[in-house]
Amino acid sequence: QVQLVESGGGWVQPGGSLRLSCAASGDIYTIYTMNWYRQSPEKQRELVASITSIGNTNYADSVKGRFTISRDNAKNTVYLQMNSLKRGGTAVYYCDADLMRYSDSEIVHYWGKGTLVTVSS
């Protein structure tokens, strides 16, 4: 069994910052790419940022220069530092990961349950 658990969401004023974490645990041999997505009531789920196992990153144009994705492979954890959060940026942030399970060497894809980020004055 594998779990991805996000944390760090909450309320922040426009212009503020938050740092999200997503910890993977369980039957894990190795984790490949890890991603952050977000979904607001008005929009479909969108990819925010990605990071490969060796640290190569990619960002949505809307967050470039404001968000930073990083990971700690020893802790099986991915982070999202969000700065200059915008008014109207309220969304649920989800992490996902492609990983190889230790028990059967299968490469599978898992999602976390999300953490709510509320941007409001």
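Only heavy atoms go into these numbers, but all of them, side chains included; no hydrogens, no water, no symmetry mates.
Here Ser53 pairs with nothing under the side chain to side chain donor-acceptor pair (under 3.5 Å) rule; sequence neighbours left out. Taking Lys64 as the reference, Tyr59, Asp61 meet the side-chain contact (heavy atoms from CB on, under 4.5 Å) condition, with sequence neighbours excluded. Taking Arg101 as the reference, Asp104 meet the salt bridge (charged side-chain N to carboxylate O under 4.0 Å, His left out) condition, with sequence neighbours excluded. Take Tyr32 and apply the side-chain contact (heavy atoms from CB on, under 4.5 Å) test, not counting sequence neighbours, and it matches Thr30, Asp98, Met100, Ile107. Every residue was checked against the ring-ring contact (aromatic ring centres under 6.0 Å, His included) condition with Tyr94, not counting sequence neighbours, and none meets it. With sequence neighbours left out, Ser62 forms a side-chain contact (heavy atoms from CB on, under 4.5 Å) with Arg38, Ala60. With sequence neighbours left out, Glu106 forms a salt bridge (charged side-chain N to carboxylate O under 4.0 Å, His left out) with no residue at all. Ala23 is linked by a side-chain contact (heavy atoms from CB on, under 4.5 Å) to Thr77, counting only residues two or more places apart in sequence or in another chain.
For Trp36 against Ser21, the heavy-atom pair with the smallest separation is CH2-O, 3.6 Å. The nearest pair of heavy atoms linking Ala49 to Leu80 is CB-CD1, 4.2 Å. Residue Ser50 comes nearest to Thr33 through the heavy atom pair CB-CG2, 4.3 Å, listed as atom of the first residue, atom of the second, then distance. Between Phe67 and Leu85, the shortest heavy-atom distance links the atoms CZ-CD2, 3.7 Å. Listed here is the closest heavy atom pair of Arg66 and Ser84: NH1-O, 2.8 Å.
Tyr110 and Leu20 end up in the same hydrophobic cluster when Ile, Leu, Val, Met, Phe, Trp and Tyr side chains are linked at under 4.5 Å. Placement of Val48 and Val12 within a single hydrophobic cluster is found when ILVMFWY residues are connected by side-chain heavy-atom separations under 4.5 Å, directly or transitively. By the criterion of side-chain heavy atoms lying less than 4.5 angstrom apart, applied directly or through intervening Ile, Leu, Val, Met, Phe, Trp or Tyr residues, Leu4 is not grouped with Tyr79; the two fall into different hydrophobic clusters.
A 6.0 Å sphere centred on CD of Glu46 holds more than 12 heavy atoms belonging to other residues, nucleotides or ligands.
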* Asked: Going through the checks in order, is the side-chain hydrogen bond (donor to acceptor under 3.5 Å, both in side chains) test met by Asn83 and Ser17?
  -> CA-CA 4 Å; Asn83 299 327; Ser17 298; 2.9 Å; yes

* Start with the C-alpha distance between Ile51 and Met34, add both sets of side-chain angles, then the distance that settles side-chain contact (heavy atoms from CB on, under 4.5 Å), and finish with yes or no. => CA-CA 5 Å; Ile51 186 166; Met34 303 184 82; 4.2 Å; yes

* To do: Report the C-alpha distance between Tyr37 and Asp96 in whole Å, list the side-chain angles of each, state the deciding distance to 0.1 Å, and finish with yes or no for side-chain contact (heavy atoms from CB on, under 4.5 Å).
  => CA-CA 8 Å; Tyr37 287 79; Asp96 78 337; 3.6 Å; yes

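Considering only heavy atoms from C-beta on, Val117 comes within 4.5 Å of Met82 through its side chain. A heavy-atom distance below 4.5 Å is not found between the side chains of Ile28 and Tyr102. By the 4.5 Å heavy-atom criterion applied to side chains, Arg71 and Ile31 are counted as neighbours. At least one side-chain heavy atom of Val108 sits under 4.5 Å from a side-chain heavy atom of Leu99.
The hydrophobic side chain of Trp11 is isolated, with no ILVMFWY side chain under 4.5 Å apart from it. Cluster partners of Val5, using a side-chain heavy-atom cutoff of under 4.5 Å among ILVMFWY residues and allowing indirect links: none.
Evaluation of the disulfide (SG to SG under 2.5 Å) test over residues 8-104, restricted to residues two or more places apart or in two chains, returns Cys22-Cys95. Sorted by first and then second residue, the side chain to side chain donor-acceptor pair (under 3.5 Å) pairs involving residues 111-121 (not counting sequence neighbours) are Arg87-Ser121.
Between the CD atom in Gln39 and the CG atom in Leu116 there is a gap of 12.0 Å [rounded to 0.5 Å]. Interatomic distance, Asn58 CG to Thr52 OG1, rounded to the nearest 0.5 Å: 10.5 Å.
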